[in-house]
Amino acid sequence: MEIPEWAQHYFSKGLLLNPGPLDPTSSWAALRIQKIPEYPQKDQDLLLSVQGIPGNFQDFNWYLGEETNGGTMLFTYFPDLQRPQRDGSAMGQHDIVGFPNGSMMLHRVQPTDSGTYQVAVNINPAWIMRAKTEVQVAEEHKELPIIHLPVSAGIMAAIIIGSLSAGSLFICCIAHLLLTGGWRGQSHRYRGPSCPLTHTQSHQISELFFFFF
């Protein structure tokens, strides 16, 4: 059979066929499915928009899966009927609405809706146009919780020991200065063995210990 005049502008010159039966495999290049959005997230609505469909057709079928049969059929759409959509056995819990232009809308998609979606548009009994697309529904992006790691016992012990060591060093320096100053003050009066700490010097060193510890 010849391609009708109204349909010829949908095909490039390389796709125009000689008179005779239409090769069904050539119809794959005529249709295209656009995903809106291209990368759907969980609970978003996904539109599978069919582009390149002729103005006159009998009906179209949508399938979910690599095969196109009754077990994978989502629905059939008859645009001339008052209730055009007829759900198929693969519809299940899917929330899908068909449109007269061959497109369909999946409401609140889930990761389980991922797969191969195919559409078959019946122009006449001898001419079926087909297209398919892959849908991958992503999980929602979750922010990772901020975890405050506790300070380990080893780090805490190192901090305490370091503080005590610094305090002890400081006290030793002050005590040395006190002893040196006291010894120098008494050296001109006494040349004998070194005398013990005075009461005032002992009191000052004790106060330093109480201050740091």
Side-chain angles (χ1 to χ4, degrees), residues 1-140:
M1 61 175 290
E2 296 183 356
I3 300 176
E5 292 184 6
W6 56 265
Q8 290 184 7
H9 67 280
Y10 289 101
F11 297 86
S12 64
K13 293 182 179 180
L15 291 176
L16 292 176
L17 306 177
N18 293 326
L22 183 66
D23 182 3
T25 60
S26 67
S27 62
W28 285 98
L31 289 184
R32 186 172 69 90
I33 300 174
Q34 181 181 6
K35 294 176 289 186
I36 305 175
E38 183 70 20
Y39 304 102
Q41 302 289 324
K42 180 181 177 181
D43 291 329
Q44 281 187 327
D45 290 343
L46 172 63
L47 175 64
L48 299 183
S49 177
V50 178
Q51 301 178 1
I53 189 171
N56 296 323
F57 59 91
Q58 294 180 350
D59 56 68
F60 61 85
N61 302 318
W62 273 96
Y63 303 88
L64 175 56
E66 294 293 341
E67 303 294 332
T68 55
N69 51 50
T72 61
M73 181 182 292
L74 291 169
F75 67 93
T76 301
Y77 196 95
F78 302 92
D80 295 333
L81 298 182
Q82 184 176 2
R83 299 183 61 182
Q85 182 168 323
R86 298 290 185 269
D87 293 344
S89 59
M91 177 65 77
Q93 300 299 318
H94 297 285
D95 187 1
I96 299 176
V97 176
F99 298 100
N101 64 353
S103 304
M104 77 170 187
M105 175 77 77
L106 292 88
H107 293 287
R108 297 180 61 83
V109 293
Q110 303 297 314
T112 53
D113 294 323
S114 301
T116 302
Y117 286 80
Q118 302 193 51
V119 62
V121 181
N122 298 304
I123 307 301
N124 57 52
W127 186 8
I128 301 177
M129 303 179 70
R130 302 177 185 274
K132 65 179 179 178
T133 187
E134 293 293 329
V135 172
Q136 184 64 46
V137 181
E139 291 281 357
E140 292 179 334

side-chain hydrogen bond (donor to acceptor under 3.5 Å, both in side chains) with Thr68: which residues, sequence neighbours excluded? none
Please list, chain by chain and in numerical order, all residues satisfying ring pair (Phe, Tyr, Trp, His ring centres under 6.0 Å) with Tyr77, sequence neighbours excluded. Phe60
Sub-4.5 Å side-chain heavy-atom contact between Lys35 and Val135: yes
Note, Gln44 side chain near Pro37 side chain (heavy atom, < 4.5 Å): yes
Is there a side-chain contact between Asn122 and Asp59 in this structure, where contact means two heavy atoms from C-beta onward sitting under 4.5 Å apart? yes
Shortest non-hydrogen contact from Pro100 toward Phe57: O-CZ, 3.2 Å
Taking all heavy atoms of Thr76 and all of Met73, pick out the closest pair and write down the distance. OG1-SD, 3.2 Å
List the residues meeting side chain to side chain contact (heavy atoms under 4.5 Å, CB included) with Ala90, not counting sequence neighbours, and say none if there are none. Leu74
Could you list all the salt bridge (Lys or Arg N to Asp or Glu O under 4.0 Å) pairs where at least one residue sits in residues 72-95, not counting sequence neighbours? none
Scan for ring-ring contact (aromatic ring centres under 6.0 Å, His included) pairs involving residues 86-112, sequence neighbours excluded, and state none if there are none. none
Quick check: closest heavy atoms across Ser89 and Gly70, and the distance to 0.1 Å? OG-O, 2.5 Å
Could you walk me through whether Phe75 and Met91 pass side chain to side chain contact (heavy atoms under 4.5 Å, CB included), step by step? CA-CA 7 Å; Phe75 67 93; Met91 177 65 77; 4.1 Å; yes
Among residues at least two apart in sequence or on other chains, which ones pass side-chain hydrogen bond (donor to acceptor under 3.5 Å, both in side chains) with Gln93? none
Side chains of residues 45-53: which donor-acceptor partners sit under 3.5 Å, not counting sequence neighbours?
{"from": "Asp45", "atom 1": "OD1", "to": "Arg108", "atom 2": "N", "distance (Å)": "2.9"}
{"from": "Gln51", "atom 1": "OE1", "to": "Arg32", "atom 2": "NH2", "distance (Å)": "2.4"}
{"from": "Gln51", "atom 1": "NE2", "to": "Gln34", "atom 2": "OE1", "distance (Å)": "2.5"}

Taking the side chain as every heavy atom from C-beta outward, state whether Tyr117 and Leu106 have any pair of such atoms under 4.5 Å apart. yes
Among Gln110, Gln41, Lys42, whose side chain to side chain contact (heavy atoms under 4.5 Å, CB included) with Glu139 holds? Lys42
Output all residues satisfying salt bridge (Lys or Arg N to Asp or Glu O under 4.0 Å) with Glu134, sequence neighbours left out; order by chain, then residue number. none
What I'd like to find out is whether the side chain of Gln136 reaches to under 4.5 Å of the side chain of Pro111, using heavy atoms alone. no
Do Gln85 and Met104 touch side chain to side chain, with heavy atoms closer than 4.5 Å? no
So do the side chains of Tyr63 and Asn61 get within less than 4.5 Å of each other, counting heavy atoms only? yes
Short question: side chain of Thr116, backbone of Gly65 - any donor-acceptor pair under 3.5 Å? no
Output, in order, the C-alpha distance, side-chain angles, deciding distance and verdict of side chain to side chain contact (heavy atoms under 4.5 Å, CB included) for Lys132 and Glu66. CA-CA 9 Å; Lys132 65 179 179 178; Glu66 294 293 341; 4.0 Å; yes
So Arg130 and Val121, do their side chains get closer than 4.5 Å, heavy atoms only? no
